[in-house]
**Q** 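Pasting in a structure now, in structure tokens, and then I'll have a few things to ask.
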Protein chains: 2
Amino acid sequence: MESKYVSKIFEALSSDVRLDVFRLLVRNAPAGLVAGDIAKFLDVPATNLSFHLKALVQSGLVTVEREGRFMRYKASIPLMLDIIAYLTAECCSGNPECCRKFRAESHVDPTFLPER
Amino acid sequence: MESKYVSKIFEALSSDVRLDVFRLLVRNAPAGLVAGDIAKFLDVPATNLSFHLKALVQSGLVTVEREGRFMRYKASIPLMLDIIAYLTAECCSGNPECCRKFRAESHVDPTFLPER
DNA sequence: GACATAATTCAATTTTTGTTGAATTATTAA
DNA sequence: TTAATAATTCAACAAAAATTGAATTATGTC
């Protein structure tokens with residue numbers, strides 16, 4: 001995998017609107033949600049949501065298919081796992097013991113971390 | 001509010017330069033590297049690298065400390081694991097079996113994923 | 001102290017993103 | 001076939017990010 005390609009995927013998650021959309025779709029995997037429901041859940045104007053959904057689809061993190069007059073969006077869980085594998089590849093030069101030790105320290109829920 | 005904080009972290013990984021820097025530091029965890037070595041490895045102009053390192057440090061994904069006249073940068077593995085947990089939280093919420101199936105088919109070392 | 005080295009900050013410019021309302025396309029229902 | 005609904009595209013503007021070279025700060029060496 002090319003870092004230019006992967007950075008585009010992280011760019012898709014670099015807006016709080018898109019991150020919220022993606023997490024909503026991850027929670028609602030594998031069924032996904034139609035655009036109107038996403039807009040309702042997250043209270044984002046339709047026109048702005050379209051802009052962000054387009055970016056997510058272009059990144060590959062989200063897929064879309066027509067369903068009558070609705071558009072159904074789904075998170076691509078395999079791609080999500082791929083970028084996690086990319087990010088963590090050869091962590092600590094492949095020393096799994098070192099990584100596991102970090103893992104034990106990481107049980108901070110980012111939801112509760114202070115703002116910067 | 002929380003997603004604004006996490007999206008800033010993904011923003012830090014949304015440039016291919018910064019993504020390359022971060023992965024280099026992940027591979028070289030836990031020791032890290034000094035700025036000049038990063039510049040040499042990745043062939044990035046010092047002034048531009050400083051700009052990107054600053055963004056990484058501000059996101060919290062990278063830490064820095066002075067070492068004589070060198071600056072040593074290190075990846076924050078615990079924060080990396082936290083944002084992975086944030087991204088994958090409640091995946092396939094109603095259907096954990098579905099989520100386990102996705103994981104089994106992926107290339108992710110389970111060390112880096114929260115239990116499900 | 002004077003000089004070299006490591007790295008950063010600053011200022012200027014260019015490029016890219018995000019947001020909004022109005023107009024448009026696609027589909028279904030009356 | 002007309003109207004209603006779902007969603008997108010378009011155009012305009014506002015805001016933020018990337019890049020560069022010159023100047024600056026901090027540290028170590030002669």
Side-chain angles (χ1 to χ4, degrees), chain A residues 2-22 24-25 28 31-75 115-116, chain B residues 1 3-22 24-25 28 31-75:
Chain A
E2 195 78 38
S3 74
K4 264 193 182 140
Y5 169 70
V6 181
S7 63
K8 281 280 167 203
I9 294 173
F10 284 116
E11 191 181 308
L13 298 172
S14 72
S15 124
D16 60 320
V17 174
R18 291 193 297 267
L19 181 58
D20 286 341
V21 169
F22 184 70
L24 182 64
L25 293 175
N28 287 278
L33 292 170
V34 300
D37 286 343
I38 300 171
K40 230 176 282 174
F41 273 119
L42 301 179
D43 193 30
V44 179
T47 192
N48 191 21
L49 180 62
S50 270
F51 171 82
H52 289 298
L53 283 171
K54 190 180 175 187
L56 280 165
V57 169
Q58 279 173 349
S59 79
L61 271 179
V62 166
T63 62
V64 59
E65 54 194 294
R66 181 171 286 283
E67 209 171 75
R69 56 179 155 174
F70 300 86
M71 299 296 269
R72 177 166 294 270
Y73 290 88
K74 299 179 185 177
E115 292 182 62
R116 313 220 164 180
Chain B
M1 223 38 166
S3 75
K4 262 190 184 144
Y5 168 70
V6 180
S7 64
K8 281 282 169 203
I9 294 173
F10 285 117
E11 190 181 308
L13 298 172
S14 72
S15 125
D16 60 319
V17 174
R18 290 194 297 266
L19 181 58
D20 286 341
V21 169
F22 183 70
L24 182 64
L25 294 176
N28 287 277
L33 292 170
V34 300
D37 286 343
I38 300 173
K40 229 177 282 171
F41 273 120
L42 300 179
D43 194 30
V44 179
T47 191
N48 192 20
L49 180 62
S50 269
F51 170 82
H52 289 298
L53 283 171
K54 190 181 175 188
L56 280 165
V57 170
Q58 279 173 348
S59 79
L61 271 178
V62 166
T63 62
V64 60
E65 54 196 293
R66 181 169 288 282
E67 208 170 76
R69 57 177 155 174
F70 300 87
M71 298 297 270
R72 178 165 295 270
Y73 290 87
K74 299 179 185 176

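Note on naming: letters A, B, ... go to the chains in the order of the sequence lines (proteins, then strands), and numbering restarts at 1 for each one. Just so it is clear, the structure is predicted and the values come from calculations on it, not from any experiment.
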**Q** Give A:E11 one of three labels, base, sugar-phosphate or nothing, depending on what nucleic acid heavy atoms sit under 4.0 Å from its own.
**A** sugar-phosphate
**Q** Any donor-acceptor pair under 3.5 Å linking the side chain of B:R18 with the backbone of B:L56?
**A**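 Pair absent, no side-chain N/O of B:R18 close to backbone of B:L56.
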**Q** Does C:dT27 have its OP1 or OP2 closer than 4.0 Å to a side-chain nitrogen or oxygen of A:R66?
**A** yes
**Q** What integer distance in Å separates B:R72:CZ from C:dA7:P?
**A** 10 Å
**Q** Rounded to the nearest 0.5 Å, what separation is found between the CG atom of B:L24 and the CG atom of B:D20?
**A** 8.5 Å
**Q** From CD of A:Q58 over to C1' of C:dG18, roughly how many Å is that when rounded to an integer?
**A**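 It works out to 15 Å between those atoms.
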**Q** How close or far is atom C1' of D:dA26 from atom CD of B:E65, stated in whole angstroms?
**A**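 It works out to 17 Å between those atoms.
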**Q** What integer distance in Å separates B:L13:CG from D:dA17:C1'?
**A** 16 Å
**Q** Here's a test of your reading of the structure: between A:G68 and A:K8, which maps to the more 5' nucleotide of DNA chain C?
**A** A:K8
**Q** Looking only at side-chain N and O atoms, does A:H52 come under 4.0 Å of OP1 or OP2 in C:dT17?
**A** no
**Q** Nearest 0.5 Å, what's the OG-CZ distance between B:S7 and A:F10?
**A**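 So the OG of B:S7 and the CZ of A:F10 are separated by 13.5 Å.
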**Q** Would you kindly give the CZ-to-P distance between B:F70 and D:dT27, to the nearest whole Å?
**A** 13 Å
**Q** Could you check whether B:V17 gets within reach of a base, just the sugar-phosphate, or nothing at all, counting any heavy atom under 4.0 Å?
**A**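 It contacts nothing in the nucleic acid.
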**Q** Grab the CG-P distance between A:L53 and D:dT9 for me, whole Å please.
**A**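 Taking atom P of D:dT9 as the reference, CG of A:L53 is at 11 Å.
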**Q** Closest nucleotide of DNA chain C for B:V34 versus for A:S15: which of these residues is on the 5' side?
**A** B:V34
**Q** Can you check whether A:R69 has a side-chain N or O nearer than 4.0 Å to OP1 or OP2 of C:dT25?
**A**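 So the side-chain polar atoms of A:R69 never come under 4.0 Å of the phosphate oxygens OP1 or OP2 of C:dT25.
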**Q** In whole angstrom, give the distance that lies between atom CE of A:M71 and atom C1' of D:dA7.
**A** 7 Å
**Q** How long is the straight-line distance from NZ of A:K4 back to OG of B:S15, given to the nearest 0.5 Å?
**A**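 Rounded to the nearest 0.5 Å, the OG-NZ separation comes to 10.5 Å.
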**Q** Counting side-chain heavy atoms from CB outward, which of C:dG18, C:dT9, D:dT8 is closest to A:F51?
**A** C:dG18
**Q** Atom CG in A:L53, atom CG in A:N48: separation rounded to 0.5 Å?
**A** 9.5 Å
**Q** Measuring from atom CD of B:E11 to atom CG of B:L13, what distance do you get when rounded to the nearest 0.5 angstrom?
**A**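 Rounded to the nearest 0.5 Å, the CD-CG separation comes out at 10.0 Å.
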**Q** Under 4.0 Å, heavy atoms only, any strand: does A:R18 hit a base, just the sugar-phosphate, or nothing?
**A**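 Answer is sugar-phosphate: A:R18 comes under 4.0 Å of backbone atoms only.
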**Q** Looking at CG of B:L49 and CG of B:L42, how far apart are the two atoms once the value is rounded to the nearest 0.5 Å?
**A** 7.5 Å
**Q** Pull out every residue in residues 36-47 of chain A that has a heavy atom closer than 4.0 Å to any atom of DNA chain D, ordered by number, or say none.
**A** A:G36, A:A46, A:T47
**Q** Mind calculating the distance between NZ (A:K4) and P (C:dT16) to the nearest angstrom?
**A**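 Those two atoms, NZ and P, are 12 Å apart.
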